[in-house]
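Residues take their numbers from the sequence shown, with the count starting at 1.
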Amino acid sequence: MRCVRCRARPEVYLRAHNAAFCRACYIPWFQRQVERTLTSGRMCTRDDQVLVAVSGGKDSLALWDALVTLGYRTSGLHVAQGIGGYSATSREKVERFARDRGLPLLVHDLADEGLAIPEVASTTRRAPCSACGTLKRYAFDRVAHVHGFAILATGHNLDDEAARLLGNLLRWQTTHLARQRPVLDPRHPTQVRKIRPLVLVSEYETAAYAFLRGIDYVVEECPYAEGATQLLYKEALDRIEAGSPGTKLAFVREFFRSAQPLFAASEPADGAPPRSCTRCGMPAFDELCAHCRLLRVLAP
């Protein structure tokens, strides 16, 4: 098989697309996939200021690189989790990426607030991933709101989305299915629009792009990720994909096209809009938001 564009010797093989690309052709192909998702989903324009959540992994850094190359106005946001050497390495990778390219970067260090994930998980007896999710989601909204951003982009890829979809379907989480889409518009004055431009790009495709672009990223998984249910769903989908290439893409794309609107129509307009947390003013469905409830457990 030769590169489908220039017939040169290929470096990247994509079974899901029955295609192969050389380095020179793959990079613009990947960027066009991102651009197509951005425009078809009406996620943002080049006039918008986009805050890109960057963890230090391949997906978020590849996304930031693609957005910059495509001419979008971006800043990065790194939430340092306080997970020992893993977090230190992640922060170093992000800061070097931004520095080498002259890109603006905001760093929100949870440890500076006494909220390092290991300590929070131990004190509250919550699973580390649960505590991390609560604190990161809050930080994303809070930092974006304080700094005047209206759009936050995350590096969730096709594999992430397919695993999430499988989990929601196995449990028939209809409310989650109604809100599972690549663009989430704000429902509270302090929230921002959240977009997922890599939602139709596989993890392998993102890794190939990062490698060919020379992006230095964290290879290791978070030490708390082992045993996560999401990884089990990914493994199951990988086995299906190996026997039937393109299944993940069809699964997610067809859900967005046909099924998600049906789930959304069956839910009462996403439920009641959130009110304001009495402690911090951020979105809440009770007197306190999830973040402030967590703080109350830490310091009753």
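- One distance of note links OG1 of Thr39 with CG of Leu70; it measures 10.0 Å at 0.5 Å rounding.
- Atom CZ of Arg196 is separated from atom CE of Met43 by 9.5 Å, given to the nearest 0.5 angstrom.
- Contact record, Cys25 with Cys6: SG-SG, 3.8 Å, taken as the closest heavy-atom pair.
- Closest of all the heavy-atom pairs between Lys58 and Ala210 is CB-CB, 4.3 Å.
- Put simply, the side chain of His108 does not reach to within 4.5 Å of the side chain of His78, judged on heavy atoms.
- Leu105 places a side-chain heavy atom less than 4.5 Å from the side chain of Val54.
- A continuous path of ILVMFWY side-chain contacts below 4.5 Å connects Leu77 to Leu115, so both sit in one hydrophobic cluster.
- No side-chain heavy atom of Val94 sits less than 4.5 Å from a side-chain heavy atom of Arg91.
- By the ring-ring contact (aromatic ring centres under 6.0 Å, His included) test, His291 pairs with Tyr138, sequence neighbours left out.
- By the 4.5 Å heavy-atom criterion applied to side chains, Val120 and Thr134 are not counted as neighbours.
- Nearest heavy-atom pair, Gln230 versus Arg164, reported as atom, atom and distance to 0.1 Å: NE2-N, 3.8 Å.
- Minimum interatomic distance between Cys44 and Ile151 (heavy atoms only, all atoms of both residues): CB-CD1, 3.5 Å.
- Under the 6.0 Å distance and 45° angle rule, Arg101 counts as a cation-pi partner of Phe97.
- Side chain of Gln33 to main chain of Trp29: a donor-acceptor pair is present (N/O by atom type, distance under 3.5 Å, no hydrogens or angles).
- At least one side-chain heavy atom of Ser75 sits less than 4.5 Å from a side-chain heavy atom of Phe149.
- Side-chain atoms of Thr278 come within 3.5 Å of backbone N or O of Glu287 as a donor-acceptor pair.
- Put simply, Val252 and Trp172 are part of the same group of oily side chains (I, L, V, M, F, W, Y) that touch within less than 4.5 Å, one to the next.
- Heavy atoms of other residues, nucleotides or ligands lying less than 6.0 angstrom from CD of Glu221 number 12 at most.
- Residue Ser55 comes nearest to Ser60 through the heavy atom pair N-OG, 3.0 Å, listed as atom of the first residue, atom of the second, then distance.
- Across all their heavy atoms, Ala62 and Thr206 have their closest contact at CB-CG2, 3.6 Å.
- Taking a 6.0 Å sphere around CD of Glu254, one finds it holds more than 12 heavy atoms contributed by other residues, nucleotides or ligands.
- Around OH of Tyr86, the count of heavy atoms belonging to other residues, nucleotides or ligands within 6.0 Å exceeds 12.
- Side-chain atoms of Glu241 come within 3.5 Å of backbone N or O of Lys248 as a donor-acceptor pair.
- Between Tyr217 and Lys93 the shortest side-chain heavy-atom distance does not fall below 4.5 Å.
- Side chain of Arg23 to backbone of Glu11: no donor-acceptor contact under 3.5 angstrom is found.
- Inspection of the Glu205 and Tyr26 side chains reveals no N or O donor paired with an N or O acceptor under 3.5 Å.
- In terms of modelled atom types and a separation under 3.5 Å, the side chain of Asn168 and the main chain of Leu165 share no donor-acceptor contact.
- Heavy-atom contacts from other residues, nucleotides or ligands closer than 6.0 Å to CG of Asp286 number more than 12.
- In terms of hydrophobic clustering, with Ile, Leu, Val, Met, Phe, Trp and Tyr side chains grouped at heavy-atom distances under 4.5 Å, Phe263 and Val199 are assigned to a common cluster.
- Within 6.0 Å of atom CZ in Arg275, more than 12 heavy atoms from other residues, nucleotides or ligands are found, so the atom counts as buried in its surroundings.
- Note on Leu158: it clusters hydrophobically with Phe255, by side-chain heavy-atom contacts below 4.5 Å among ILVMFWY residues.
- The closest donor-acceptor contact from the side chain of Asp109 to the backbone of Ala111 lies under 3.5 Å.
- Between the side chain of Gln260 and the backbone N or O of Ala178 there is at least one donor-acceptor pair closer than 3.5 Å.
- A 4.5 Å side-chain heavy-atom check between Ile83 and Pro118 finds at least one atom pair inside the cut-off.
- Checked against Phe30 for a side-chain contact (heavy atoms from CB on, under 4.5 Å), the options Val12, Thr69, Asp65, Leu198 give a single hit: Leu198.
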